[in-house]
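Here the structure is laid out as structure tokens; the discussion comes afterwards.
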Protein chains: 2
Amino acid sequence: MSTDEPRSARRRLSRDRIVDAALTSIEEHGVDQMSMRSLGRDLGVEAMALYRYVSGREDLLEAVVANLLNGFVERVEAAETTSWQEYLQHVAHEIRHIALANPTAFPLVVSRHPAAPWLRPPLRDIEMVEHVLATLCARGFTDDQAVDTYKAFTSFLVGSLLLEVSIKTENIAAVEEPMNEGSADIPEQDSSDDADLAQAPHVLRMRDRLSQDHSEAEFETGLESLLNRIEHTVSH
Amino acid sequence: MSTDEPRSARRRLSRDRIVDAALTSIEEHGVDQMSMRSLGRDLGVEAMALYRYVSGREDLLEAVVANLLNGFVERVEAAETTSWQEYLQHVAHEIRHIALANPTAFPLVVSRHPAAPWLRPPLRDIEMVEHVLATLCARGFTDDQAVDTYKAFTSFLVGSLLLEVSIKTENIAAVEEPMNEGSADIPEQDSSDDADLAQAPHVLRMRDRLSQDHSEAEFETGLESLLNRIEHTVSH
DNA sequence: ACCTGAACACCGTTCAAGT
DNA sequence: ACCTGAACACCGTTCAAGT
């Protein structure tokens, strides 16, 4: 954008720049590795400078989550869906897209304490909750039906996606490639694994199938099944 | 048990005692607050002493997770179920029981890197995975059916339970009661909340219903629906 | 054999001081 | 107005030393 800047540095600080850098760092090195001090280093600044823009690490993580969800409602509204089924499908895919684009940061969405703690499940963006409830009511749901649907839907969504990203990230920030340094004198490559596996013939036999990733298809199947279930209970 | 001991202290260290103390501390103050040093304090010992029994903080957290799942397979086997439906119901309730008894520690089950990384979803206890697969096969499932069932089942289980415990723990280790120290001169009790809520009439209207906790019933409904779905696909 | 002290390289956060 | 230096109270972890 600008003329020249050393690394990713000093164009003057701003809250947005800090939050972006935090998200990048989280996705690259894991949330534990993202410290105020490392973030300062990334931004070419001392850690203390960040406190002008965020009130602390917790606040920064909140901001990262908010940033993740940014523009969600707008994108959903732009879709112009006709049935509530189509609407919920769209919401689900939109959030799944966010989760897959930010697999390491996504769990923060559910682990950070929510804006409205009394909301169960605690999806932290009230704007989104409001949109879902309003849409369902506009499609003829009673309040009770809307609430039940909201709960079942978010449970499914959060559950599936947390699992999916936990698969996708494996373990970022774990060991970070010590690479053995070429020295190959440690015989057992992961002793406990193979020992356990010897006791688990079925796991061993189905290993190939178990390791295949069909998250996409499973997500679609689960979602459709959920919508069918809701459809059934809504029409008594 | 013994004659006298100061606080919860020095009966000589052991791996089990350390792991138990860690779990207690995690449930009481949150996983972030549980440090090697605070744990040493709890056990009446210097932090460095712990390194005789655990190889580090990560190892300790692994051990906590293993401890949580301890005896699971035995309890499931003791149940003597007759159908695969009944069996999976039992497994589900057993794990739900563990999750609710250790709501703060439970998320570690899914966030720690699994023993078999290629296993999707990565339920870290191979013994348990083996038990489920073996039982399903013994009930006449083909390998493919067993794998599909395992995946759908654990997705549902982990998803539901992560959500349920995240509701139950709200935010342990957040703020930890500053209590305002009696000084009542801050007018806004949580300004952002109410501001957001003013924009969210549906959320406001359904607030009572939304805040009610029906996790138990929702869990049962979801589980039954899942078993029905499996039943249907198994019999083509 | 089991634990401790001292040390190292890190944290988050505050605050007076620099420009 | 925006950033830094120094400081404080913490971390995890190692290792030589004490008993």
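Scanning both residues, B/Val203 and B/Leu210, for their nearest heavy atoms gives O-CD1, 3.9 Å. Nearest heavy atom pair, residue A/Val64 against residue A/Ala22, reads CG2-CB, 3.8 Å. Contact between B/Gly56 and B/Tyr51 at its shortest, heavy atoms only, is CA-CE2, 3.9 Å. When all heavy atoms are compared, the tightest approach of A/Ser25 to A/Met34 is OG-CG, 3.4 Å.
Annotation: side chain of B/Leu157 is not in contact with side chain of B/Leu223 (no heavy-atom distance under 4.5 Å).
Across the protein-nucleic acid pair, B/Leu61 atom CG and D/dG12 atom P stand 10 Å apart, rounded to whole Å. Rounded to whole Å, the distance from CD on B/Glu46 to P on D/dG12 is 13 Å. B/Asp32 has its CG atom 16 Å from the P atom of C/dC11, to the nearest Å. Rounded to whole angstrom, the span from the CZ atom of B/Arg15 across to the P atom of C/dC2 amounts to 15 Å. To the nearest angstrom, P of C/dT14 lies 13 Å from CZ of A/Arg52. The nearest whole Å value for the distance from the CE atom in A/Met34 to the C1' atom in C/dC10 is 16 Å. To the nearest angstrom, P of D/dT4 lies 9 Å from CG of A/Leu50. Rounded to an integer number of Å, the gap from A/Arg37 CZ to D/dC11 P is 15 Å.
For B/Arg12, whose side chain is taken as the heavy atoms from C-beta onward, the closest listed nucleotide among D/dT4, C/dC3, D/dC15 is C/dC3. Nearest to the side-chain atoms of B/Met48 among the listed nucleotides C/dC15, C/dC11, C/dG5 stands C/dG5. Of the listed nucleotides (C/dC2, D/dC11, D/dC2), D/dC2 has the atom at the smallest distance from the side chain of A/Tyr53. Nearest to the side-chain atoms of A/Met36 among the listed nucleotides D/dC11, C/dG12, D/dC2 stands C/dG12. Of the listed nucleotides (D/dC3, D/dT13, C/dT13), C/dT13 has the atom at the smallest distance from the side chain of A/Ala47.
Secondary structure note: stems in DNA chain C built from 3 or more consecutive Watson-Crick or G-U wobble pairs under 3.5 Å occupy C:4-8 with D:12-16, C:12-16 with D:4-8.
Between A/Glu216 and A/Arg96, at least one side-chain nitrogen of the basic residue sits less than 4.0 Å from a carboxylate oxygen of the acidic one, meeting the salt-bridge criterion. Using a cutoff of 4.0 Å between basic side-chain nitrogens and carboxylate oxygens, A/Arg15 and A/Asp20 are not scored as salt-bridged.
Take the nearest nucleotide of DNA chain D for A/Val45 and for B/Arg41: the residue whose nucleotide is more 5' is A/Val45. Between B/Ala49 and A/Tyr51, the residue anchored nearer the 5' end of DNA chain C, judged by the nucleotide with its closest heavy atom, is B/Ala49.
At least one side-chain nitrogen or oxygen of A/Arg57 sits closer than 4.0 Å to the OP1 or OP2 atom of C/dG12.
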